[in-house]
Amino acid sequence: MEELSVIKIGYACQALAVEDTQLRSCIMKNADEERLKEIIAYNLDALERIMEYNRAQEITLFRISSELVPFGSSPVNSLKWDLRFAERFREIGRKLKEYGIRVSMHPGQYTVLNSPDTAVVKRAVEDLEYHCKVLDALKTAPDSKLILHVGGIYQDKEAAMKRFEDNYKLLHDGIKARLVLENDDKSYTISDVLELGLKLGIPVVFDHLHNRINCSDPSKNDSFWIEASKSTWKDIDGRQKIHYSQQEGGKKPGSHSLTIETREFVRYYESILFHDLDVMLEVKDKNLSAVKCILLITPESKGIQDLEKEWARYKYTVLERAPHIYQEIRTLLKDKTSYPAVQFYSLIDEACKEPENIGHSVNAAMHIWGYFKHQATEKEKTAFLKSIENYRLGSASSSALKRQLERLTRKYGNPYLAASYYFLLS
DNA sequence: TGACGTCAAGATCCG
DNA sequence: CGGATCTTGACGTCA
């Protein structure tokens, strides 16, 4: 029997508009044992809350931020954090398993394994060990990956690739079992990376936008490269992964877009849907786009009530940008037998592109104020009305207004508003 | 030497 | 004094 291909969608590092999930950090000179312990404990709690959110949204793919343990790979942090917090890591790991969430990590552009400078390589190895230790402490399966770029060129790509091979061989087996290579936006194309991956037995993540910027062969489409990368994924490595992002218009090539644009995404999805893939989105609005893309491509397991939940989170943003679209979406969602996901998100995309309009923004702010006007103190009332006036006159920004309303939302504990995307400053 | 990317912490300013 | 706003940090490569 033929199995249907499945596309799963995930997002990276942060869950926006989810309370108490923002990771904390500190600067090096303040990184004493006391503070580090406090931050790690907090960050693990935050990670657990992100996973609860992911489960509720049926998101089963997530990248854990490298910031989870501040200075996790530096002598500045001499805590045996993996042992000290072993039980907390295990608890979270159990939930990952129970919820079916596949996690990965992605050391940044400053982790360079192929540097000619041995001190840089040493730090790169330490950094990989840190990331690996997090995944090990969570007791994740071998399909939980560590994604890395090849590194720099140093005027001689061949020699630099050879150095990658040599240094890779020195890594311990725990890291090798998790390491995955990705094509980057300026040095190593997908064919370079495939050459290394096939030779060394390392799975390869194909990055859509990087390949557009740093293209190895304009005559080949994404489907070709996905197929070419497929054989680098062995059974034990889990489902093949790719990265997907869109170019932010008007910014330099490679800049990630603020959100995943609906119609462009649907077109892309249709071009890859015959592959079985985990797709990691790299986009500024993180989980917002993940929820969007999941609702766009999995209509069989979703219904109009899911769009209505999304509408509850988007409505004030739409109201402040484009009241006519607000009305249009209300009409669109009236037919409870329909599932107009593409139209719904296209309208939201359209609304978000509208420029700020003072009258509309005041209107939306007054709607939110309506939740508090009876419980707010006189002082809060005076302050809010004054801010509205200042905003109207052009002497205050809308973000000041939103901060004020967000503070009231937290103070008076309104969970409906707390989940609203309205407060994510534009 | 500074851009690149990231984004909260830290520092400073303001009322 | 608290809140708003501006600056710094931490990493490696490359021009």
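Chain identifiers are assigned alphabetically (A, B, ...) following the order of the sequence lines, protein sequences preceding nucleic acid strands; residue numbering begins at 1 within each chain. Computed from a predicted structure; not experimentally measured.
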Rounded to whole Å, please give me the gap between [atom1] in [X] and [atom2] in [N].
| X | N | atom1 | atom2 | value |
| --- | --- | --- | --- | --- |
| A:Leu16 | B:dA8 | CG | P | 9 Å |
| A:Lys379 | B:dG15 | NZ | P | 17 Å |
| A:Tyr188 | C:dC14 | OH | C1' | 13 Å |
| A:Leu113 | C:dG12 | CG | P | 13 Å |
| A:Gln22 | B:dT6 | CD | P | 15 Å |
| A:Arg63 | B:dT6 | CZ | P | 11 Å |
| A:Asp32 | B:dA9 | CG | C1' | 14 Å |
| A:Asp285 | B:dC7 | CG | P | 12 Å |

Is any side-chain N or O of [X] closer than 4.0 Å to OP1 or OP2 of [N]?
| X | N | value |
| --- | --- | --- |
| A:Ser115 | C:dT13 | yes |
| A:Arg123 | C:dG12 | yes |
| A:Gln109 | B:dC4 | no |
| A:Arg24 | B:dG10 | no |
| A:Gln14 | B:dA8 | yes |
| A:Lys29 | C:dG9 | no |

Subject >> Sugar-phosphate, base or nothing in reach of A:Asn30, heavy atoms under 4.0 Å >> reply: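 Touches sugar-phosphate only.
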Original post:
Hey, does A:Glu67 reach any base, or is it just sugar-phosphate, or nothing, if we go heavy atoms under 4.0 Å?
Top reply: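 Counting heavy atoms under 4.0 Å across all strands, no contact is made by A:Glu67.
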Original post:
Taking the nucleotide of DNA chain C with the closest heavy atom to each, which residue, A:Lys186 or A:Phe71, is nearer the 5' end?
Top reply: A:Phe71
**OP:** Apply side chain to side chain contact (heavy atoms under 4.5 Å, CB included) to A:Glu227 and list each qualifying residue two or more places apart in sequence or on a separate chain.
**Re:** A:Lys230, A:His275
**OP:** Take A:Lys252 and A:Ile27, find for each the nucleotide of DNA chain B with the closest heavy atom, and name the residue whose nucleotide sits nearer the 5' end.
**Re:** A:Lys252
Original post:
Starting at the 5' end of DNA chain B, which residue's closest nucleotide do you reach first, A:Cys26 or A:Lys284?
Top reply: A:Lys284
Original post:
Which word best sums up how the rings of A:Tyr11 and A:Tyr53 line up, parallel for under 30°, tilted for 30 to 60°, or perpendicular for over 60°?
Top reply: perpendicular
Subject >> Parallel, tilted or perpendicular, as decided by the 30° and 60° cut-offs, for the rings of A:Phe372 and A:Tyr412 >> reply: tilted
Original post:
Taking the six-membered ring where the residue is Trp, are the ring centres of A:Phe71 and A:Trp81 under 6.0 Å apart?
Top reply: no
Original post:
Have A:Glu406 and A:Tyr422 got a donor and an acceptor in their side chains that come within less than 3.5 Å?
Top reply: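 A:Tyr422 and A:Glu406 do not have a side-chain donor-acceptor pair below 3.5 Å.
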Between the protein and nucleotides 3-5 of chain C, list the N/O to N/O atom pairs that are separated by less than 3.5 angstrom.
unit_1: C:dT5; atom_1: OP2; unit_2: A:Arg403; atom_2: NH2; d: 2.7

Original post:
Any donor and acceptor pair, going by atom type alone, linking the side chain of A:Thr232 with main-chain N or O of A:Gly197 inside 3.5 Å?
Top reply: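 Not a single qualifying donor-acceptor pair exists.
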Original post:
Is it true that A:Asp237 and A:Lys234 have a side-chain N and a carboxylate O under 4.0 angstrom from each other?
Top reply: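 Yes.
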**OP:** Among B:dA9, C:dA10, B:dG5, find the nucleotide with the atom closest to the side chain of A:Tyr110.
**Re:** B:dG5
Subject >> Residues A:Asp349, A:Lys292; criterion salt bridge (Lys or Arg N to Asp or Glu O under 4.0 Å); working and verdict >> reply: CA-CA 11 Å; A:Asp349 287 352; A:Lys292 175 197 273 193; 2.8 Å; yes
